[in-house]
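The structure appears below as structure tokens.
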Amino acid sequence: MYNMKFIEENLTSLKEVTKNKGVDIDFELFTGLNEKRKTLQSSVDELRRERNEKSKKVGELKKNKKDASKLLSELEFLKEKLIREEKDLKEIQQAIDDFISWIPNLVHSSVKNKPVEIIKPTGLKKLPSKPLTHIELGESLGILDFSSASKITGSNFSLYKGKGAKLERALINFMLDLHTKRHGYTEVFPPFLANEQSMFNTGQLPKMKEDMYITDKDGLYLNPTAEVPLTNILSDKVLTADELPIKYCGYTACFRREAGSYGKETKGLLRVHQFNKVELVNFVMPEDSYDALERLLKEALEVLKLLDIPYKVIQLPYDDLSFASAKTYDIEIFAPGVDRWLEVSSVSNFEDFQAKRANIRVKAEGKTKYVHTLNGSGVATPRLMISLLENYQTKEGEIKIPDVLVPYTDFETIDLNIK
RNA sequence: GGAGAGGUGGCCGAGUGGUCGAAGGCAACCGAUUGCUAAUCGGUUAAGGGGUCACAAGCUCCUUCCAGGGUUCGAAUCCCUGCCUCUCCGCCA
């Protein structure tokens, strides 16, 4: 986590970024509070010094069988005062820590105030004049069953059936194989739940608390992205420079409450509370992180190129960046049925923001510093499924499976006869 | 779920009330030396927060031996609670 020194040194830019990222905090209040903290700290330190010194003398006196009662009564008085001041100090420190926990990451200088299209729409297909939506396709082909899902759980959950279920599994396996075999990732299959500290470390907490599912007995959070478990694998570690970069790739189900979403934004698979995602996480030397960001983007795009899905890439403006991100690219893919561009991947450099919170360091040339962390979806499946179904539909309303997926699905089409 | 053992610095590991921020080893860094890779010798190496000061170096003080409470003039060391790890038993996909 940031410390007050860093905050005071970067006050102007932190104030700006805090406003841009939609957090409202009173910096003056806390820089003032920090002054109080310093005064109190000095006073407490002085009292402790006195206590330590006198306690030591008591030890010596007792050892030599001399009377220590005068010192002891002084110490009694000291102790009372110390306990009072320590309590005050703790309260102030707690308030300051809470305040710091709400300060988002700084933004990289290359980030603009409006979205920038980094890669123009690529790979758009010719389709029937009125392409069907994934909902129409999925229900008529019997591969998507939203009413069962809502009966079992509630609205905005999904259920894949038959070839739909297999296709979903095929997508996950295809992506994991791609990243592990071609991009040098270590595959990880992590827990789907994580504790509060882990959620804090990657920056989900405190800001996104309302969007998370929490188990009431154990206080565990259902992870909203595999970024959380994958990044926390290395929390509290000191790495050596030759171990870097470390590249983890993992599949998890992701859970998001999506409070406040409704209507056509959430139709079908557009926005669901539980979805599957393959995630890429990188730990790199600080000086390498922006090269790594570009590389990570390419790795994620490879999924779409191989599947031949139309995509474009947007560099997010600063007021769209997540709490922890310094720079983010969003990959969007086109879904002709719903006629929309859908975000399937967010590729971000967090610089040392998560590393500071999670305490992930590297020792190089005798010095210890924080690593930089990055992540990218590689990619999320529901929207990939939407785009795949809608782009690969035939004029008969059936689905032709992309060639690269056939080894994973064991079928080449999803047609109307088979349930 | 029941019974026991344990959690110490980058890593391993000693330490049961004051002389312990912590022996020893490993690793790393700096220097010396050796005609190669390497070996040997000497030194250095935790983090955070104050003060002094140039937001430097240096000096100095405080805190930190899983976390939180407690006992005590004084706690890594004693007590309580929690978390985690290991062993045994039970239960279970």
Side-chain angles (χ1 to χ4, degrees), chain A residues 1-14 30-101 189-201 215 217-221 229 232-244 246 283 285 352 355-371:
Chain A
M1 193 163 77
Y2 289 144
N3 55 41
M4 277 311 285
K5 194 182 262 175
F6 179 86
I7 289 166
E8 285 176 342
E9 281 166 4
N10 295 279
L11 203 54
T12 316
S13 34
L14 281 171
F30 284 94
T31 46
L33 205 55
N34 194 41
E35 288 311 308
K36 249 188 228 168
R37 198 214 89 230
K38 281 185 192 173
T39 315
L40 200 52
Q41 179 76 256
S42 301
S43 167
V44 166
D45 282 355
E46 178 55 28
L47 287 172
R48 290 209 262 234
R49 191 197 56 75
E50 218 176 314
R51 179 201 61 191
N52 292 346
E53 197 177 278
K54 287 185 172 162
S55 289
K56 206 172 254 181
K57 274 187 193 150
V58 169
E60 281 163 22
L61 287 173
K62 288 203 168 173
K63 203 169 169 185
N64 300 324
K65 308 257 191 250
K66 286 182 183 159
D67 178 36
S69 56
K70 182 163 171 286
L71 270 178
L72 285 176
S73 64
E74 281 176 34
L75 276 162
E76 203 173 329
F77 178 73
L78 250 179
K79 196 178 175 179
E80 270 176 42
K81 196 172 173 192
L82 185 58
I83 285 172
R84 268 201 313 275
E85 294 202 2
E86 278 179 334
K87 186 167 162 280
D88 292 347
L89 181 62
K90 204 172 170 180
E91 278 168 16
I92 291 184
Q93 190 60 57
Q94 186 60 50
I96 289 174
D97 287 346
D98 287 348
F99 155 76
I100 293 175
S101 76
F189 194 63
F192 287 11
L193 276 67
N195 59 31
E196 189 172 330
Q197 182 67 51
S198 299
M199 289 295 166
F200 177 81
N201 288 347
T215 65
K217 282 198 174 140
D218 302 294
L220 294 173
Y221 294 77
N232 277 288
I233 291 171
L234 297 181
S235 62
D236 291 318
K237 290 266 190 200
V238 180
L239 307 159
T240 54
D242 61 335
E243 289 178 274
L244 297 179
I246 294 173
F283 304 84
M285 292 299 284
D352 64 4
K356 276 179 174 169
R357 288 186 165 212
N359 197 26
I360 307 171
R361 292 168 293 169
V362 57
K363 196 164 194 174
E365 284 145 20
K367 279 190 175 172
T368 309
K369 52 188 173 183
Y370 291 104
V371 303

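Numbered from 1 within each chain, the chains take letters A, B, ... in sequence-line order.
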- Task: In whole angstrom, give me the gap between the C1' atoms of B:G70 and B:G17.
- Result: 16 Å

Separation between the C1' atoms of B:A56 and B:G42, rounded to whole Å
29 Å

- Message: Under 4.0 Å, heavy atoms only, any strand: does A:Lys367 hit a base, just the sugar-phosphate, or nothing?
- Response: nothing

To the nearest 0.5 Å, atom CG of A:Asn359 lies from atom CG of A:Leu234 at 11.5 Å

Do the ring planes of A:Phe192 and A:Phe189 sit parallel (below 30°), tilted (30 to 60°) or perpendicular (above 60°)? perpendicular

Re B:U45: Watson-Crick or G-U wobble partner, both distances kept under 3.5 Å, found to be B:A27

* Can you check side chain to side chain contact (heavy atoms under 4.5 Å, CB included) on A:Leu33 and A:Phe99, steps first, answer last? -> CA-CA 11 Å; A:Leu33 205 55; A:Phe99 155 76; over 6 Å; no

- prompt: So, the side chain of A:Arg357 versus the backbone of A:Phe200: is there a donor-acceptor pair under 3.5 Å, distance only?
  reply: yes

Under a 4.5 Å cut-off applied to non-hydrogen side-chain atoms, are A:Asn201 and A:Gln197 in contact? yes

For nucleotides 19-27 of chain B, which of its nitrogen or oxygen atoms have a protein nitrogen or oxygen under 3.5 Å away, and what is each distance?
none

Considering only heavy side-chain atoms of A:Gln41, the closest of B:G74, B:G50, B:U63 is B:G50

- [ ] Indicate, with a heavy-atom threshold strictly under 4.0 Å, whether A:Lys54 touches base, sugar-phosphate, or nothing.
- [x] nothing

Any strand, both distances under 3.5 Å, Watson-Crick or G-U wobble: B:A3 pairs with B:U87

Assign each of A:Ser42 and A:Val58 the nucleotide of RNA chain B bearing its closest heavy atom; nearer the 5' end lies the nucleotide of A:Ser42

Pairing partner of B:G35, by Watson-Crick or G-U wobble and under 3.5 Å for both distances, is none

Select base, sugar-phosphate, or nothing to describe what A:Glu9 touches, counting heavy atoms under 4.0 Å on all strands.
base

Should the side chain of A:Asp45 and the base of B:G49 be counted as holding a donor-acceptor pair, with the cut-off at 3.5 Å?
yes

Nearest-nucleotide check on RNA chain B, A:Lys62 vs A:Arg361; residue mapping nearer the 5' end is A:Arg361

inquiry  = Can you see if the side chain of A:Arg37 gets near the phosphate of B:G48 - specifically, an N or O under 4.0 Å from OP1 or OP2?
reply    = no

Item checked: Gap in Å between the two P atoms, one belonging to B:G49 and one to B:A57, rounded -> 13 Å

Atom CG of A:Leu47 and atom P of B:C73 are separated, to the nearest Å, by 17 Å

Whole-Å distance, A:Gln93 CD to B:G68 C1', equals 17 Å

One should read off an interatomic distance between A:Ile83 CD1 and A:Glu86 CD, to the nearest 0.5 angstrom, of 7.0 Å

Answer for the Watson-Crick or wobble partner of B:C92, both distances under 3.5 Å, is none

When rounded to whole Å, the CG to P distance for the pair A:Asp236 and B:A47 reads 15 Å

* Give a yes/no on whether any side-chain N or O of A:Arg49 is located under 4.0 angstrom from OP1 or OP2 of B:U63. => no

Note to self: Measuring only the P atom in each nucleotide, how far is B:U63 from B:A76? A whole number of Å is fine.
What the structure shows: 9 Å

Looking only at B:U72, B:G18, B:G49, the nucleotide nearest the A:Lys79 side chain is B:U72

Separation of B:C62 atom P from A:Leu82 atom CG, nearest Å, is 12 Å

The nucleotide from B:U63, B:G51, B:A47 with an atom nearest the side chain of A:Lys38 is B:G51

- Distance below 4.0 Å between A:Asn3 side-chain N/O and B:G48 OP1 or OP2: no

Whole-Å distance, A:Lys217 NZ to B:G82 C1', equals 19 Å

Open item on the list: Please report the distance separating the C1' of B:G24 from the corresponding atom of B:U8, rounded so that it comes out in whole Å.
Closed with: 14 Å

Between B:G13 and B:G25 - P atom distance, rounded Å | 16 Å

Pairing partner of B:C59, by Watson-Crick or G-U wobble and under 3.5 Å for both distances, is B:G51

Separation of B:G74 atom P from A:Glu60 atom CD, nearest Å, is 17 Å

When rounded to whole Å, the OH to P distance for the pair A:Tyr2 and B:G49 reads 15 Å

- Expressed as a whole number of Å, how far does the C1' atom of B:C26 sit from that of B:G35? 30 Å

Ranking B:C73, B:C62, B:G10 by distance to the side chain of A:Val238, first place goes to B:G10

* Counting only N and O atoms by type, is there a donor-acceptor contact under 3.5 Å from the side chain of A:Arg48 to the main-chain atoms of A:Leu82? -> no

*Check whether any side-chain N or O of A:Asp352 sits under 3.5 Å from a backbone N or O of A:Tyr370 as a donor-acceptor pair, and report yes or no.*
no

_side chain to side chain contact (heavy atoms under 4.5 Å, CB included) for A:Lys369 and A:Met285? Distances and angles first, verdict last._
CA-CA 9 Å; A:Lys369 52 188 173 183; A:Met285 292 299 284; 4.0 Å; yes

d(A:Leu78 CG, A:Leu72 CG) to nearest 0.5 Å is 11.5 Å

Rounded to whole Å, the CZ-P distance (A:Arg51 to B:C61) equals 15 Å

Under a 3.5 Å limit on both distances, the Watson-Crick or wobble mate of B:C78 is B:G70

**Prompt:** Under 4.0 angstrom, heavy atoms only, what part of the nucleic acid is A:Asn52 near: base, sugar-phosphate, or nothing?
**Reply:** sugar-phosphate

Take atom C1' in B:C20 and the same atom in B:U64, then report the distance between them in whole Å. 14 Å

